[in-house]
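Report on the following structure.
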2 protein chains.
Amino acid sequence: MNSLEAGAAAQAQEPQTPDVTELILQDILAGRLPPGTWLKQIDLERRYSCTRPEVRRALDRLVQKRLVEHIPNRGYHVHEQDGRRAQEVSDIRVILEVAVSDRIVAKASAADIANLRVLASRFDDLVLNGTMLELYEANLAFHRDLLAIAGNQELVELITEIRQRTSSAPVSQWRTRARIEQSGHEHQQMVDAIEKGDVGHLMELTRRHILQA
Amino acid sequence: MNSLEAGAAAQAQEPQTPDVTELILQDILAGRLPPGTWLKQIDLERRYSCTRPEVRRALDRLVQKRLVEHIPNRGYHVHEQDGRRAQEVSDIRVILEVAVSDRIVAKASAADIANLRVLASRFDDLVLNGTMLELYEANLAFHRDLLAIAGNQELVELITEIRQRTSSAPVSQWRTRARIEQSGHEHQQMVDAIEKGDVGHLMELTRRHILQA
DNA sequence: GGCGCATAAATTGGCGCCAATTTTGATACC
DNA sequence: GGTATCAAAATTGGCGCCAATTTATGCGCC
C-alpha cells in the first residue's frame with residue numbers, strides 16, 4: 001500500500017520516470033554537453049521528451065549543485081571548468097580520505113576487502129572493454145565502497161557531491177591509457193595496504209591517487 | 001549595462017526579492033518551524049506573500065539541501081533531527097578544520113587576526129544583548145572568516161553547507177549560558193593560538209570546540 | 001457504542017499560456 | 001562601407017487552472 005522508495009536508488013533503473021535532472025547530469029558528465037553550452041529549455045524539452053516545468057526544475061537543481069550557471073533573462077549554461085576550484089576540491093578530498101584511512105583499516109572486514117577486490121577488478125576489466133563513462137562509474141563505485149567502510153555515511157554522500165561539483169568532463173580527467181591502468185593498479189595496492197593493516201601506506205597511496213587522478 | 005551580482009550577497013539585504021528559500025530556511029534555523037512541521041503550500045504562500053511556483057521551487061531546493069523531506073502526494077515536512085547524522089557532520093568538521101589549522105597559522109596576517117578579534121568580540125557582546133539567532137550568525141561569521149584564511153574557498157562553502165544540513169534547531173545547540181560564554185572564550189583562545197603560531201594548540205582547541213559546541 | 005465505508009473537502013502536482021526581456025537581423029544613415 | 005537604430009523573432013519566466021490523490025468527516029451498519 002504505502003510506498004517504500006524513500007531514496008532514489010530503489011531499483012537499478014527506473015524505466016518509468018528516469019528523472020530529467022539525472023539525465024542531463026549524465027550528459028554533462030559524459031561530455032555530451034561540454035562546458036559553456038547554452039541549455040535552452042526548448043531543446044531540452046525535446047531532447048528528453050519531457051515538459052517545460054520538468055526542465056526548469058532540473059535546471060534549478062543543477063544550479064544548486066553548481067554544475068550549471070544561471071543568468072537571469074539570459075538562460076542556463078554548463079558551468080565552465082574552474083582550475084582553482086578543481087584543485088581545492090582535490091585538496092578537500094585528500095584531507096578527508098587520508099584522515100579516515102585509519103578507520104578504514106581498523107573496520108575493514110574480510111567481506112569488505114573481497115568486495116573492494118571485485119570492484120577494483122571490474123575497473124581493470126573496463127579499461128579494455130568499456131566506455132569512459134562506465135570507467136568513471138566503476139571508479140566512483142570503488143571509492144564509495146572504500147569510504148563507506150569508515151562508517152561515516154554522511155562523508156560518503158558529501159564526497160560524491162563534491163566530486164560531481166567540478167568534474168564537468170570526467171572523461172578527460174584521465175589523460176592517457178597508461179594513467180588509467182596506473183589508477184587501477186593503485187586501487188589494488190590500496191586494498192593490499194588495507195589487508196596488511198598498513199595505515200601509513202594507505203594514506204600515502206590515497207594522497208597520490210587523488211592528486212594525480 | 002551588464003549585471004555584476006554573480007553571487008547572492010551583493011548587498012547585505014535585498015528588499016526587492018528576499019528569496020523565499022532563504023526566508024523559510026531562516027525560520028527553520030530559528031526554530032519557528034520545528035522539525036516534523038508539515039509545510040503546506042497554501043500556508044507558505046500566505047505566510048511569505050509569494051506565489052505558488054515560488055513556494056514549490058523553495059521547497060524543492062530545501063529538499064536538495066536535505067533540510068525538508070518530501071513524500072509524494074503527501075507533502076513536505078521539516079526533516080527530523082537525526083542524532084547519528086549530527087555526529088557524523090561534527091566528525092567531518094573536526095577532520096577538515098583541524099587539518100587546515102597549519103595553513104591558517106601560516107597564512108594569517110595581522111589584519112586577519114584583527115578581524116577575527118572583532119568577530120569574536122561581537123559574539124561575546126551578543127551573549128548579553130542578542131537573540132539566539134544573532135548569536136548563531138555571529139558564530140557562523142567567526143568560523144567562516146577563520147576558515148577563509150586557509151585559502152580554500154570551496155572548503156568555506158562546503159562547511160557552511162553541511163552546518164545547515166543538520167542544525168535544524170541551532171537555538172538549542174548551546175544548552176546553557178555558561179556553555180555559550182565558554183564558546184566565546186574558546187574563540188579568543190583560538191585567535192591567541194594563531195597569533196603565537198601554536199598550531200598544535202589551535203588543533204586541540206578546534207577539536208574540542210566543535211565536538212562540544 | 002464502535003467500526004467500516006462512502007462521500008466531500010483539501011492538498012498536491014502537472015500543464016500550458018502569455019507578458020517581459022533579450023538577441024538577432026535588416027534597414028537607413030553617416 | 002561601416003555603424004547606429006529600429007523592428008521582429010526567439011527565449012525566458014511568472015502565473016493560474018484543473019485533474020489526481022489523499023485525508024477528514026459523517027452516515028449507516030454490525
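Numbers restart at 1 for each chain; the letters A, B, ... are given by sequence-line order, proteins then strands. Side-chain atoms are counted along with the backbone in the values below, which use heavy atoms only and exclude waters and symmetry mates.
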>> Check the phosphate of D:dC15 against B:Thr51, side-chain N and O only, distance under 4.0 Å to OP1 or OP2. Yes or no?
In response: yes
>> Strictly below 4.0 Å: does A:His70 bring a side-chain N or O up to OP1 or OP2 of D:dG13?
In response: yes
Starting from [atom2] on [N], measure out to [atom1] on [X] and report it in whole angstrom.
| X | N | atom1 | atom2 | result |
| --- | --- | --- | --- | --- |
| B:Gln41 | C:dG13 | CD | C1' | 7 Å |
| B:Leu59 | C:dT12 | CG | P | 9 Å |
| A:Leu44 | D:dT12 | CG | C1' | 13 Å |
| A:Glu54 | C:dG16 | CD | P | 11 Å |
| B:Asn73 | D:dA24 | CG | P | 15 Å |
| B:Glu45 | C:dG13 | CD | C1' | 13 Å |
| B:Arg52 | C:dT12 | CZ | P | 7 Å |
| B:Lys40 | D:dT23 | NZ | C1' | 11 Å |

> Is there side-chain contact between A:His77 and A:Thr37, with heavy atoms separated by less than 4.5 Å?
Replying inline: no
> Between the base of C:dG14 and the side chain of B:Arg56, is there any donor-acceptor pair under 3.5 Å?
Replying inline: yes
>> Would B:His143 and B:His209 count as a side-chain hydrogen bond (donor to acceptor under 3.5 Å, both in side chains) here? Give the steps.
In response: CA-CA 11 Å; B:His143 282 280; B:His209 183 70; 3.1 Å; yes
> Taking atom types as modelled, is there a side-chain donor on B:Thr160 or B:Arg144 under 3.5 Å from an acceptor on the other?
Replying inline: yes
> Of the nucleotides D:dT23, C:dC15, C:dT23, which has the atom closest to the A:Pro53 side chain?
Replying inline: C:dC15
>> I want to verify a distance call: between D:dT11, D:dG14, D:dG13, whose nearest atom is closest to the A:Tyr76 side chain?
In response: D:dG13
>> As an exercise, state the distance from CG of B:Leu126 to CD of B:Glu134, rounded to the nearest 0.5 Å.
In response: 5.5 Å
